[in-house]
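Here the structure comes first, spelled out in structure tokens, and everything after it is commentary.
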Amino acid sequence: MKLHYYAETDSLYIELKAGPGTEAREIALGVNADFDAEGTLVGLDIDGASKLDLATLEAIDVPLTSLKAA
């Protein structure tokens, strides 16, 4: 999983799976889910991300095998 913040659009993209999305569906106001050609969820796009608390990141009970900071 990768988190991408885009200041120019104030959006946060949560990449769940590598590869392109072929279909986006709005699942809530300002939240879009991206799906690949097989219908698998590949990412979430959140508008207005600066209104969220992006100062900390917590992983609770997630089976991490590695952790990278960019």
Side-chain angles (χ1 to χ4, degrees):
M1 178 183 350
K2 295 179 183 178
L3 303 176
H4 305 267
Y5 176 70
Y6 300 100
E8 61 277 2
T9 58
D10 189 24
S11 62
L12 177 69
Y13 189 76
I14 304 170
E15 181 183 324
L16 301 171
K17 178 182 173 190
T22 59
E23 179 185 356
R25 297 181 206 153
E26 187 172 43
I27 57 174
L29 184 62
V31 180
N32 292 294
D34 286 337
F35 297 89
D36 65 13
E38 288 78 38
T40 303
L41 181 65
V42 295
L44 297 167
D45 188 27
I46 303 169
D47 294 333
S50 65
K51 296 178 183 111
L52 304 172
D53 179 10
L54 301 176
T56 59
L57 175 63
E58 292 183 39
I60 301 170
D61 295 327
V62 178
L64 295 173
T65 56
S66 68
L67 181 62
K68 294 181 185 178

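This one's a predicted model, so the numbers in the text were calculated from it and none came from an experiment.
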Interatomic distance, L3 atom CG to Y13 atom OH [nearest 0.5 angstrom]: 11.5 Å
Sequence-distant partners of E15, salt bridge (Lys or Arg N to Asp or Glu O under 4.0 Å), two or more places apart: none
Result block: side-chain N/O donor-acceptor pairs under 3.5 angstrom for residues 37-57, not counting sequence neighbours:
| residue | atom | partner | partner atom | Å |
| --- | --- | --- | --- | --- |
| S50 | OG | D10 | OD1 | 3.3 |
| S50 | OG | D10 | OD2 | 2.9 |
| D53 | OD1 | A55 | N | 3.1 |

Would you please name every residue forming a side chain to side chain contact (heavy atoms under 4.5 Å, CB included) with E58, sequence neighbours left out?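 Here the qualifying residues are I60.
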Quick one: salt bridge (Lys or Arg N to Asp or Glu O under 4.0 Å) pairs with a partner in residues 21-36, sequence neighbours left out? K17-D36, E23-R25
Establish whether Y6 and I14 are linked, either directly or via other cluster members, by ILVMFWY side-chain heavy-atom contacts under 4.5 Å. no
Would a hydrophobic clustering, with Ile, Leu, Val, Met, Phe, Trp and Tyr connected at side-chain separations under 4.5 Å, put L12 with M1?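 Yes, L12 and M1 fall within the same hydrophobic cluster.
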Taking CD1 in I27 as the centre, count heavy atoms belonging to other residues, nucleotides or ligands within less than 6.0 Å. Is the count above 12? yes
